[in-house]
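Below is one structure, written out as structure tokens; the observations come after it.
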Amino acid sequence: TSKQLTVDVQKPQTDQVGGTGSFALFVNGVEQKAISPGPKLYSIRVYVTEDKGISSASADLSSYNLGTKQGTCGSSGNTGKFTCEFSGLLMDLRDKVEFTVNIEDTSGNKLENYRLFKTFSTDSDAPSIANIRFENSVGDYVGRESNTLIVDFSDTGVGVDNSSIRANLR
């Protein structure tokens with residue numbers, strides 16, 4: 001009787017060669033296309049191609065004073081595609097994000113000290129008020145009841161964080 005064995009000798013690969021485009025930054029689950037100044041709590045998702053499975057992933061974030069962080073990896077739903085996420089990263093980023101990853105598959109093959117980098121545009125301009133108006137369910141006037149103040153914001157950068165909008169209506 002003979003038995004055919006399959007040997008996995010392929011190490012995990014990031015989805016794009018050369019580091020660019022193989023990861024994304026997230027804040028509160030929203031992918032960031034640009035970076036605004038100041039510290040924020042980020043997540044980094046690294047996109048990996050692997051034929052068997054991922055057993056471990058780590059990212060060296062020492063240049064951001066975070067040391068080495070362990071990631072959580074799972075299938076992205078596409079055959080051979082995995083996402084490794086590094087969460088809870090308090091960082092004050094500039095236009096270029098750069099770090100190295102170590103990823104090991106379930107067969108022991110390793111992608112070691114692989115440099116990932118991406119340059120982002122920066123957003124240092126605050127949003128501006130484009131329009132202020134009242135809407136009233138009773139008519140076209142401001143009265144004692146049923147008034148809704150609507151403020152339209154304009155932003156040419158990363159957008160407006162709705163959770164940070166405050167109004168002083170004295």
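Remember, predicted model here, so these are calculated numbers, not experimental data.
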_Phe120 backbone acceptor or donor facing Asp95 side chain under 3.5 Å_ = no
*How close do Lys33 and Ser121 get, heavy atom to heavy atom, and via which atoms?*
O-OG, 4.0 Å
_If we count only N and O atoms by modelled type, under 3.5 Å, do the side chains of Lys81 and Thr49 hold a donor and an acceptor together?_
yes
*asked:* Just so I know, are the side chains of Phe117 and Val97 near enough to count as touching, which here means a heavy-atom distance under 4.5 Å?
replied: no
*Just wondering, do Arg133 and Asp152 contact through their side chains at under 4.5 Å, heavy atoms?*
yes
*Would you name the heavy atoms of Leu93 and Ile35 that are closest together and state the gap between them?*
O-CG2, 3.7 Å
*Check the side chains of Asp60 and Ser62 for a donor-acceptor pair under 3.5 angstrom, ignoring hydrogens and angles.*
yes
*Taking side chain as C-beta onward, heavy atoms only, is Glu104 less than 4.5 Å from Lys110?*
yes
*Do any N or O atoms from the side chain of Glu31 and from the backbone of Gly29 form a donor-acceptor pair under 3.5 angstrom?*
no
*asked:* Any non-hydrogen side-chain atom of Tyr47 less than 4.5 Å from a side-chain atom of Thr83?
replied: yes
*Dump the intermediate steps for side-chain contact (heavy atoms from CB on, under 4.5 Å) on Asn131 and Val151, then the final yes or no.*
CA-CA 6 Å; Asn131 187 25; Val151 180; over 6 Å; no
*What's the spacing between Gln32 CD and Phe26 CZ if we round to 0.5 Å?*
9.0 Å
*Give, for atom CG of Asn109 and atom CD of Gln13, the distance between the pair rounded to the nearest 0.5 Å.*
10.5 Å
_I'd like to know if Ile132 and Phe153 are part of one continuous hydrophobic network [Ile/Leu/Val/Met/Phe/Trp/Tyr, side-chain heavy atoms within less than 4.5 Å]._
yes
*Which value, rounded to the nearest 0.5 Å, describes the distance between Thr106 atom OG1 and Asp51 atom CG?*
8.0 Å
*Given side-chain contact (heavy atoms from CB on, under 4.5 Å), test Val27 with Tyr42 step by step and report yes or no.*
CA-CA 5 Å; Val27 173; Tyr42 288 96; 3.5 Å; yes
*Should Leu111 and Val48 count as side-chain neighbours, where that means a heavy-atom distance under 4.5 Å?*
no
*Between Tyr64 and Glu98, is there a donor-acceptor pair closer than 3.5 Å when you use the side chain of the first and the backbone of the second?*
yes
*Work out which heavy atom in Ser43 is nearest to a heavy atom in Gly88; give both atom names and the distance.*
OG-N, 4.3 Å
*Roughly how far apart are Thr119 OG1 and Arg94 CZ, rounded to 0.5 Å?*
14.5 Å
*Working for ring pair (Phe, Tyr, Trp, His ring centres under 6.0 Å), residues Phe99 and Phe86*: CA-CA 12 Å; Phe99 58 98; Phe86 304 89; 7.1 Å; no
*How many angstroms lie between atom CG of Leu66 and atom CG of Leu90, to the nearest 0.5 angstrom?*
7.5 Å
_What's the separation between atom CD1 in Ile44 and atom CE in Met91, rounded to the nearest 0.5 Å?_
4.0 Å
_Shortest non-hydrogen separation from Asp105 to Ser55 and the atoms involved_ = O-OG, 3.2 Å
*asked:* Looking at every heavy atom in both Lys40 and Ser36, which two are closest together, and how far apart are they?
replied: NZ-OG, 3.0 Å
*Charged N-O contact under 4.0 Å between Lys52 and Glu50*: no
*For residues Ile54 and Cys84, report the shortest heavy-atom separation together with the two atoms involved.*
CG2-SG, 4.2 Å
